[in-house]
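Bear in mind that the values here come from a model prediction, so they are computed numbers and not experimental data.
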Amino acid sequence: MTDVRTESATHPAPGVLSRIFRTEQDGAPGDGHEQVVLCHDRTSGLKAIIAIHSTALGPALGGTRFHQYATEEEALEDALRLSRGMSYKNALAGLDLGGGKAVIIGDPRAKTEGGDKSEALLRAYGRFVQSLAGRYVTACDVGTYVQDMDVVARESDYVTGRSPEQGGAGDSSILTAFGVFQGMRASAQARWGQPTLRGKRVGVAGVGKVGHYLVGHLVADGATVVITDVSEAAVNRVRAAHPDVEVVADTQALLGAALDVYAPCALGGALDDETVARLTAAGTSVVCGAANNQLAHPGVEKDLADRGILYAPDYLVNSGGVIQVADEYEATKAHQGYSFERAKTKATRIFDTTLEIFTLATSDGVPPAVAADRLAERRMREISALRSVLLPGARKG
């Protein structure tokens, strides 16, 4: 999502505490987090932060990121930013779920491999999730996997993204990539008049969890695909599956590779002033990728629009994974089985929502990212207002 507020000597950048408590004057969610929980278990070494941004639409759903942050402050900043993004993502996806996120500070490799991840640590984390009594529902994110969620679920009832063997939906990356592909098809429709990437040159930065599935969709659709990743193993996996894919050394080389579409699929902050300038110079027409929080700072979304680059808002197109885990969560509550086809049908609607956002942006004269924010904020306001209507026997949650 975007944030068009500016900083000055009289209005400096807010501190962490003021950011947690701040809401917009017009009633928009702003930073305004409802709850931030610091979790520390000395025995297992767990250091985690759970940030609940909003429960306006329902329990806060968001993944658990396991990352070696440089400082605790950096970890907190990431949790606040990501949880706010989840509120907007879940709202725009039409889910009755709020936004939250958790980060675990440490090396995500297993202890046996020299990292910090262990059964004890994950189970300790699960007990903290359980202590929130359903206000926060967790799932996988960067550094955590289906098998990790199975361990967390041994201590908590509020875990989704588990393995099929444990009654879960399995790898949410599959539908995340499918959703991004639907957003990219919609972007192609808006830009070139046809919902296909056939004959287009698409650059994918990051071919890990989600990126390698996205490459498969693009190749099947007839696109020419160029990739890069810091992991040689990730690149080799794509090469083995798709020998015709072109590989470049790094993101800088990719940005200059005469792309029609740029797909950032690694960590956030991928779109800054320099990147936008390089995309413009290379003639890139569309940016649509899986990474969260792609805009490095306020104003980048306008710069993209001013330069004629169509930007598909990240939290819109990458919502396929959260649609999947939400379906698993709702099915579990209703004592039903998860249905991949049902979740995929919901994720297919990302195509229509993306086109709706582009149409709204054009009619309002704003960048697509601003139009997406407005639509998500409107839904949060309207649905949360229903709670003011006293209804005996109303559904809870």
Side-chain angles (χ1 to χ4, degrees), residues 140 142-143 145 170-192 194-271 275-276 278-292 294 309-312 314 317-321 324 344 347-348 350-351 354:
C140 301
V142 175
Y145 302 87
D171 185 5
S172 63
S173 302
I174 296 172
L175 279 191
T176 302
F178 177 75
V180 173
F181 181 59
Q182 297 310 310
M184 200 176 290
R185 289 180 60 244
S187 300
Q189 171 75 51
R191 180 47 47 106
W192 299 297
Q194 294 292 330
T196 178
L197 282 306
R198 179 171 298 279
K200 303 302 180 185
R201 186 171 170 86
V202 182
V204 182
V207 288
K209 269 186 173 184
V210 176
H212 81 279
Y213 287 120
L214 178 60
V215 169
H217 289 300
L218 292 168
V219 170
D221 196 37
T224 299
V225 182
V226 189
I227 67 168
T228 191
D229 197 294
V230 295
S231 167
E232 185 177 353
V235 170
N236 289 339
R237 176 174 60 174
V238 173
R239 271 176 162 163
H242 309 289
D244 292 336
V245 165
E246 181 182 343
V247 179
V248 295
D250 53 30
T251 301
Q252 294 304 311
L254 187 66
L255 292 171
L259 306 172
D260 295 300
V261 182
Y262 175 55
C265 295
L267 294 177
L271 300 174
T275 299
V276 174
R278 289 179 63 86
L279 289 171
T280 304
T284 301
S285 296
V286 171
V287 174
C288 178
N292 285 311
Q294 292 172 21
I309 299 174
L310 183 63
Y311 172 62
D314 48 38
V317 301
N318 69 13
S319 61
Q324 174 174 320
K344 186 176 181 181
T348 302
I350 292 172
F351 177 89
T354 304

Are any of the side-chain heavy atoms of [X] and [Y] separated by less than 4.5 Å?
X	Y	answer
R201	E246	yes
V207	C265	no
K200	S285	no
N292	N318	yes
D171	Y145	no

Check: [Y] main-chain N/O paired with [X] side-chain donor or acceptor under 3.5 Å:
X	Y	answer
D260	V202	no
T354	G183	no
T275	A270	yes
R191	V286	no
D221	H217	no
Q324	S173	no
R237	G208	yes
R278	Q252	yes

Which atoms form the tightest heavy-atom contact between [X] and [Y], and what is the distance?
X	Y	answer
A253	V248	CB-CB, 4.0 Å
T196	A188	O-CB, 3.5 Å
A291	A266	CB-O, 3.1 Å

Nearest-0.5 Å distance that lies between atom [atom1] in [X] and atom [atom2] in [Y]:
X	Y	atom1	atom2	answer
C288	Q182	SG	CD	10.0 Å
S187	L197	OG	CG	8.5 Å
Y311	Q294	OH	CD	4.0 Å
L255	T284	CG	OG1	7.5 Å
I350	L175	CD1	CG	8.5 Å
F178	F351	CZ	CZ	11.0 Å

Next on the checklist: For a side chain to side chain contact (heavy atoms under 4.5 Å, CB included) check, start with the C-alpha distance between Y262 and I309, then their side-chain angles and the critical distance, and finish with the verdict.
Outcome noted: CA-CA 10 Å; Y262 175 55; I309 299 174; over 6 Å; no
Next on the checklist: Between L214 and M184, does the side chain to side chain contact (heavy atoms under 4.5 Å, CB included) criterion hold? Intermediate values first, please.
Outcome noted: CA-CA 10 Å; L214 178 60; M184 200 176 290; 4.3 Å; yes
Checklist entry - Just one of L218, V235, I227 clears the side chain to side chain contact (heavy atoms under 4.5 Å, CB included) bar with V245, so which one? => result I227
Item to check | Single hit among V238, V180, V226, V225 for side chain to side chain contact (heavy atoms under 4.5 Å, CB included) with V204 | outcome: V225
